[in-house]
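Okay, structure first, notes after.
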Number of protein chains: 2
Amino acid sequence: MPVTRHIPESTIRRISHYLRALEILESQEATTVSSEELAQRGGTTAAQVRKDLSHFGSFGKRGLGYSVAELADRLRDILGLKCRWRVVLVGAGRIGSALFEYPYFVQRGYDCVAVLDSDPEKIGMSWGPVRIRPVEELELVISSLKGDIVILAVPPEAAQDLADRAVEAGVRAILNFAPVQLRVPAEVHVTYVNLVLELEALSFAITQAGSRT
Amino acid sequence: MPVTRHIPESTIRRISHYLRALEILESQEATTVSSEELAQRGGTTAAQVRKDLSHFGSFGKRGLGYSVAELADRLRDILGLKCRWRVVLVGAGRIGSALFEYPYFVQRGYDCVAVLDSDPEKIGMSWGPVRIRPVEELELVISSLKGDIVILAVPPEAAQDLADRAVEAGVRAILNFAPVQLRVPAEVHVTYVNLVLELEALSFAITQAGSRT
DNA sequence: CCTAGATTGTGACTAATTTCACAAGCGACT
DNA sequence: AGTCGCTTGTGAAATTAGTCACAATCTAGG
């Protein structure tokens, strides 16, 4: 089991897709699946599926394919979905609110244990069982509630400072919606969701396609 | 000017970052910038900056660097930001609402010209100057308002059908927030924003980091 | 006009990722 | 038990992306 090897980011993303496909198959009571089928549902090729999985071991049976339930279980393990994660949401604006209500987070084991904001109007409001707290309590919240992941849904000018404080308080993972590059120590993992960037990729693609002769 | 060559997706994403950095520099009245400085602000290396730009031509002056205004202008051109884009938003739920209000879209030239939803309770409501329309009018809206880009912020089970209809109506770009892989013709561009996937990448990273000996 | 210092643009190299191709292994059927 | 059809797992090849190093060339200053 080569667990220590470096795994490409893209492999991880595909693994997530495979898991989603497997869950659909589970709900359809399928018992086995081939790399070919998994590839189609995940939008890639059979060879890629097998290569991706081979990074983590060998889970299939030659001539037969993969056991849906077993592979799904293994992938959940790989992605760290065997436990629940405590998420601290910073920013109770539009985006924060949408994320808080996003049903697939809870479904996948991500529990929003706290919401913070800097706006005095919002502080004290209750979102379901969670009361919005002042952003000053970030360190307190992270340590007392043992937050694993911080989601930053704040204006760009506030993001770096909050990231610094979260890291200082011991968080090892940040999901950043603010359109700025964060500077964090190497052991802290950051993923970016940059909505404008996604649209720009599209307008580039459309423009290019048109100008190609 | 090698415009026809295939450009890596990752280059485009970095170009977006460079443009953001340049706009900050513009607001600080800087007139020139070196690849080194651009690299630091964009989170990459000087060589990478130059290689990325070289895909599109040569915009700098040796010994001096790049003119901030000129390069920003050129990058806007490359990314297709010289015109305004008409975006049709499908789904007026939490995510849709957050996107509709997202200030950076308008700032960058993406105008939400219509909002559609399937919920009778929502249809007819006014979001600022835009009235929410029934999702049945998708084709009509795309053709009458000349929609360029469709944003899908709908439940996964509805996404494929809506994508098919949007493509049929002539849309060439889709930004998909539903956690499903869309099947579209090759000439249609799709980018995915999959929030769960981003969190999974983080929980994987944390888990791995811990288990590495 | 010539030199010094700086910085680009790019071709050669290196690293990473994906694709290919096929031996190995499994189950079903005879 | 032996054969057949199918599907995995994986090294090797091909492709793609990123880094390096340096010639080319610009400005400034004497």
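We name chains A, B, ... by the order of the sequence lines, and we start the count at 1 in each one. Excluded from the calculations below are hydrogen atoms, water molecules and symmetry mates; all remaining heavy atoms, backbone and side chain alike, are included. All figures in this text were calculated on a predicted structure; none of them were measured in a lab.
Within the structure, every side-chain polar atom (N or O) of A:Ser34 is placed at least 4.0 Å from both OP1 and OP2 of D:dC6. B:Ser54 has no side-chain polar atom (N or O) that falls below the 4.0 Å cut-off from OP1 or OP2 of C:dG9. Contact annotation: A:Arg50 does not reach the phosphate of D:dG9 (side-chain N/O to OP1 or OP2, under 4.0 Å). Residue A:Ser10 places at least one side-chain N or O under 4.0 Å from the OP1 or OP2 atom of C:dT18.
Comparing atom distances between the A:His6 side chain and each of C:dG9, C:dT17, D:dG18 picks out C:dT17 as nearest. With D:dG9, C:dT19, D:dC20 as the choices, the nucleotide that has an atom nearest any side-chain atom of A:Tyr66 turns out to be D:dG9. Proximity note for A:Lys51 (side chain, C-beta onward) versus C:dT19, C:dG27, C:dG11: the nearest is C:dT19. Taking every side-chain heavy atom of A:Ser35 into account, D:dT8 is the closest of D:dT8, C:dT18, D:dA17.
Side-chain atoms of A:Tyr110 and B:Ser203 include a donor-acceptor pair closer than 3.5 Å.
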Walk me through whether A:Ser97 and B:Arg94 qualify under side-chain hydrogen bond (donor to acceptor under 3.5 Å, both in side chains).
CA-CA 7 Å; A:Ser97 147; B:Arg94 292 274 172 177; 2.8 Å; yes
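The CG-P distance, from A:Leu53 to C:dT19, rounds to 15 Å in whole Å. Note: CZ (A:Arg74) to C1' (D:dG9) measures 16 Å, nearest angstrom. If you take CD of A:Gln48 and C1' of D:dT8, they are 15 Å apart, rounded to a whole angstrom. The separation between B:Leu38 atom CG and C:dT8 atom C1' is 13 Å, rounded to whole Å. Atom C1' of nucleotide D:dG9 and atom CD of A:Glu36 are separated by 16 Å, given to the nearest angstrom. Between B:Leu71 atom CG and C:dT7 atom P there is a gap of 16 Å when expressed in whole angstrom units. The separation between B:Leu64 atom CG and C:dT8 atom P is 9 Å, rounded to whole Å. Atom-to-atom, CD of A:Glu9 to C1' of D:dG18 comes out at 17 Å; the value is rounded to the nearest Å.
Put simply, the side chain of A:Arg62 and the base of D:dT7 share no donor and acceptor less than 3.5 Å apart.
In this structure, the side chains of B:Ile149 and A:Ile206 come closer than 4.5 Å at one or more pairs of heavy atoms. Taking 4.5 Å as the limit, some side-chain heavy atom of B:Asn194 sits within range of a side-chain heavy atom of A:Arg20.
In terms of position on DNA chain C, the residue among B:Gly65 and A:Thr11 whose nearest nucleotide sits closer to the 5' end is B:Gly65. DNA chain C is contacted by both A:Lys61 and A:Pro8; A:Pro8 maps to the nucleotide lying nearer its 5′ end (nearest heavy atom per residue).
Here CZ of B:Arg84 is found 4.0 Å from CG of B:Asp111. Values are rounded to the nearest 0.5 Å.
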